[in-house]
Amino acid sequence: MGHLKIATFNINGIHARLPSLLAWLEREQPDVACLQELKAVDESFPVAELHAAGYGAVWQGQKSWNGVAILAKGSDPVEVRRGLPGDAADTQSRYIEAAVAGVLVACLYLPNGNPQPGPKFEYKLAWFERLIRHASTLYASGHPVVLAGDFNVVPTDDDIYNPRSWLKDALLQPASRECYRQLLEQGWTDALRTRYPDTRIYTFWDYFRQHWQKDSGLRIDHLLLSRSLAQHMRDAGVDKWVRGEPHASDHAPAWVEIEMGAEAEARTKTTPAARARRRASGA
DNA sequence: ATGTCCGGGCCTCCCGGA
């Protein structure tokens with residue numbers, strides 16, 4: 001009570017990872033969980049299992065690839081938008097937006113962009129430009145907003161174990177980093193980097209070359225906070241233990257905790273009956 | 001250049017994507 005824990009987790013296949021997902025929810029109890037890479041069609045989303053675990057959900061699936069979802073503990077997220085505006089021809093399931101506990105939650109899965117250069121990298125940059133435009137309207141709204149997801153961008157060389165072998169990768173390209181910088185310039189707070197200004201912190205360790213065992217990671221999953229949320233950030237971190245479990249995703253969940261003030265608490269946790277009582281008492 | 005894992009197609013292996 002008194003705070004809101006918002007997490008983002010690229011689960012790399014919700015069917016392959018359902019036991020892992022449920023174990024993480026049970027242990028860490030995030031209030032909000034943004035998921036990416038469901039790799040599942042809408043009809044197969046495990047809504048019953050998640051309900052049994054105490055979570056409501058909205059989701060946008062897709063066959064084989066992509067797919068995003070927002071989970072909320074003890075409530076159903078109120079879907080605000082699915083799909084990133086700006087390109088009606090874009091059919092990839094990479095963006096969903098919902099209101100949870102008085103916070104507007106944007107769950108995103110930015111295109112990987114490899115191989116680079118090429119059409120996939122062009123799509124990544126175009127998608128990023130659309131995100132920058134949409135994010136500016138969200139930020140300007142003044143509402144509490146979090147942009148959470150797999151951004152597929154290593155913001156700086158301090159966000160990777162060693163950039164040398166990744167120099168040609170789409171995740172480290174100057175154009176990708178420039179987009180991320182432009183996004184932050186709107187005023188967003190990078191929760192993990194702000195919480196740990198001088199520490200190497202990773203959210204992704206690929207399956208190759210024993211990178212997990214050697215802690216050769218990348219920081220590509222981000223939680224960007226609007227001004228009012230950033231002012232109330234209490235803590236942030238990465239649930240690294242998840243990456244060490246058997247049959248783990250190549251990502252670990254990243255999270256932020258927001259202190260909920262009395263006003264937000266009253267607005268978000270209150271029931272219709274309680275609101276009626278408060279009105280009746282003249283409060 | 002390499003490495004590993006997921007889902008899907010179609011059939012116990014190969015492929016694209018990451």
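Quick note on labels: first sequence line is chain A, next is B, and so on, each numbered from 1. Computed from heavy atoms alone, side chains included, the values below leave out hydrogens, waters and symmetry copies.
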Discussion item. Considering only residues two or more places apart or on different chains, which pairs with a residue in residues 40-52 of chain A satisfy side-chain hydrogen bond (donor to acceptor under 3.5 Å, both in side chains)?
Written reply: H15(A)-S44(A)
Worksheet item: Which pairs with one or both residues in residues 18-27 of chain A pass side-chain hydrogen bond (donor to acceptor under 3.5 Å, both in side chains), sequence neighbours excluded?
Response: W24(A)-D239(A)
Taking atom [atom1] in both [N] and [M], what distance in whole Å separates the two?
N: dG16(B); M: dC10(B); atom1: C1'; value: 16 Å
N: dT2(B); M: dC13(B); atom1: P; value: 23 Å
N: dG7(B); M: dT12(B); atom1: C1'; value: 15 Å
N: dA1(B); M: dC14(B); atom1: P; value: 23 Å

Can you give me every donor-acceptor pair (side chain of residues 111-119 of chain A, partner residue at least two apart or in another chain, under 3.5 Å) with its distance?
residue, atom, partner, partner atom, Å
N112(A), OD1, N114(A), N, 3.0
N112(A), OD1, N114(A), ND2, 2.9
N114(A), OD1, A170(A), N, 3.0
N114(A), ND2, D169(A), OD1, 3.0
N114(A), ND2, D169(A), OD2, 3.2
Q116(A), NE2, K168(A), O, 2.8

Fill in: Lys/Arg N to Asp/Glu carboxylate O, D159(A) vs R193(A), below 4.0 Å
yes
Quickly work out the [X] [atom1] to [N] [atom2] distance and round it to whole Å.
X: L218(A); N: dG3(B); atom1: CG; atom2: P; value: 20 Å
X: Q213(A); N: dT4(B); atom1: CD; atom2: C1'; value: 11 Å
X: D169(A); N: dT2(B); atom1: CG; atom2: P; value: 17 Å
X: K63(A); N: dG7(B); atom1: NZ; atom2: C1'; value: 10 Å
X: H247(A); N: dT4(B); atom1: NE2; atom2: C1'; value: 14 Å
X: K214(A); N: dT4(B); atom1: NZ; atom2: C1'; value: 14 Å
X: R243(A); N: dT4(B); atom1: CZ; atom2: P; value: 13 Å
X: R17(A); N: dT4(B); atom1: CZ; atom2: P; value: 16 Å

Item to complete: Please state whether the rings of W166(A) and H211(A) are parallel, tilted or perpendicular, taking 30° and 60° as the class boundaries.
Response: tilted
Worksheet entry | Selection residues 176-192 of chain A - residue pairs positive for salt bridge (Lys or Arg N to Asp or Glu O under 4.0 Å), sequence neighbours left out | D157(A)-R177(A), E178(A)-R181(A), R181(A)-E185(A), D190(A)-R219(A)
Fill in: ILVMFWY clustering at 4.5 Å (side-chain atoms), partners of V153(A)
V80(A), L84(A), Y95(A), L104(A), L108(A), L110(A), Y123(A), W127(A), F128(A), L131(A), I132(A), L138(A), Y139(A), V145(A), L147(A), F151(A), Y180(A), L183(A), L184(A), W188(A), L224(A)
Discussion item. Return a single string for nucleotides 12-18 of chain B, one symbol per nucleotide in 5' to 3' order, where B is base contact, S is sugar-phosphate-only contact and - is none, cutoff 4.0 angstrom on heavy atoms.
Written reply: -----BB
Discussion item. At less than 4.0 Å, is any side-chain N or O atom of R209(A) found next to OP1 or OP2 of dT4(B)? Yes or no.
Written reply: no
